[in-house]
Amino acid sequence: MPTVQILPDDVSVQIKAGTSLLAAAAAGGVELMHSCGGIGACTSCRVRILSGGEQLSPIGRAEHEQLKESGILETHRLACQTMVYSDVVLERPLWRTSPDSPVTGD
């Protein structure tokens with residue numbers, strides 16, 4: 001069974017091959033924002049793959065368009081659209097809010 005390690009939470013979860021990164025995070029008790037409901041229409045569930053990127057599903061059309069439009073095609077994947085087939089280490093955004101700015105993720 002593949003293991004997904006989620007940073008900065010330092011959570012590792014074993015999941016069934018073919019599970020999405022979004023579902024893997026949820027199984028590990030890590031909530032990833034997903035404003036569009038997980039259909040690949042936004043980038044709120046974006047994650048940075050630190051290792052194991054070759055063990056993920058290929059980028060599909062919807063994911064490619066969203067990442068390209070946001071300028072993060074080369075550095076991120078959408079957790080809702082990305083399936084895991086072997087061990088992966090990812091870094092999720094640290095979302096922060098302030099009274100005078102919109103929600104942002106680093």
Side-chain angles (χ1 to χ4, degrees):
M1 291 180 67
T3 298
V4 176
Q5 183 179 6
I6 304 163
L7 301 175
D9 306 277
D10 200 25
V11 168
S12 291
V13 60
Q14 286 193 323
I15 46 93
K16 181 178 173 184
T19 300
S20 73
L21 290 173
L22 184 63
V30 176
E31 185 177 347
L32 291 178
M33 190 180 284
H34 51 287
S35 300
C36 70
I39 62 170
C42 71
T43 60
S44 62
C45 71
R46 69 185 177 270
V47 295
R48 187 179 314 235
I49 305 302
L50 302 179
S51 69
E54 66 281 355
Q55 306 301 328
L56 302 173
S57 59
I59 294 177
R61 193 178 103 211
E63 181 181 10
H64 184 273
E65 289 175 11
Q66 287 300 322
L67 294 173
K68 185 175 180 180
E69 185 176 307
S70 298
I72 57 174
L73 178 60
E74 301 301 321
T75 58
H76 289 77
R77 293 292 306 264
L78 298 183
C80 69
Q81 300 296 300
T82 306
M83 305 308 155
V84 180
Y85 297 104
S86 192
D87 296 351
V88 174
V89 177
L90 66 85
E91 181 180 52
R92 69 169 181 86
L94 293 175
W95 293 99
R96 56 183 157 59
T97 61
S98 68
D100 56 348
S101 71
V103 174
T104 59
D106 296 326

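Applying the side chain to side chain contact (heavy atoms under 4.5 Å, CB included) criterion to S86, with sequence neighbours excluded, gives Q55. Residues satisfying the side chain to side chain donor-acceptor pair (under 3.5 Å) test with E63, not counting sequence neighbours, are R77, T82. The salt bridge (charged side-chain N to carboxylate O under 4.0 Å, His left out) test applied to D9 returns R92, not counting sequence neighbours.
Closest approach of H76 and L67 over heavy atoms only: O-CD1, 3.3 Å. In this structure, V13 and A24 approach most closely via the heavy-atom pair CG1-O, 3.4 Å. The heavy-atom pair separating G40 from Q66 by the smallest distance is O-CG, 3.1 Å. When all heavy atoms are compared, the tightest approach of V11 to G28 is CG1-O, 3.5 Å. Shortest non-hydrogen contact noted between M83 and C80 is CE-O, 4.2 Å. The shortest heavy-atom contact between S44 and S35 is OG-N, 2.7 Å.
Counted within 6.0 Å of CD on Q14, heavy atoms from surrounding residues, nucleotides or ligands total more than 12; the atom is thus considered enclosed. Applying the 6.0 Å contact sphere to CD of E54 captures more than 12 heavy atoms from other residues, nucleotides or ligands.
Y85 has its side chain within reach of S57: a pair of non-hydrogen atoms, C-beta onward, lies under 4.5 Å apart.
Here OG1 of T75 is found 5.5 Å from CZ of R48. Values are rounded to the nearest 0.5 Å. Interatomic distance, NZ of K68 versus CD of E65, reported as 9.0 Å (0.5 Å rounding). Summarising the geometry, atom CD belonging to E91 is positioned 12.0 Å from atom CD1 belonging to I6; distances are rounded to the nearest 0.5 Å.
Partner of L78 under the side-chain contact (heavy atoms from CB on, under 4.5 Å) criterion, out of L21, T43, L32, I39: T43 alone. Between V4 and the choices V47, V84, D87, the side-chain contact (heavy atoms from CB on, under 4.5 Å) rule is met once, by V84.
Note: the hydrophobic cluster containing I72 does not contain M33 (ILVMFWY, side chain heavy atoms under 4.5 Å, direct or indirect links). A single hydrophobic cluster is not seen to contain both V89 and I15; linkage of ILVMFWY side chains at heavy-atom distances under 4.5 Å, directly or through other members, places them apart. Both V30 and L90 belong to a common hydrophobic cluster when Ile, Leu, Val, Met, Phe, Trp and Tyr are linked at side-chain heavy-atom distances under 4.5 angstrom.
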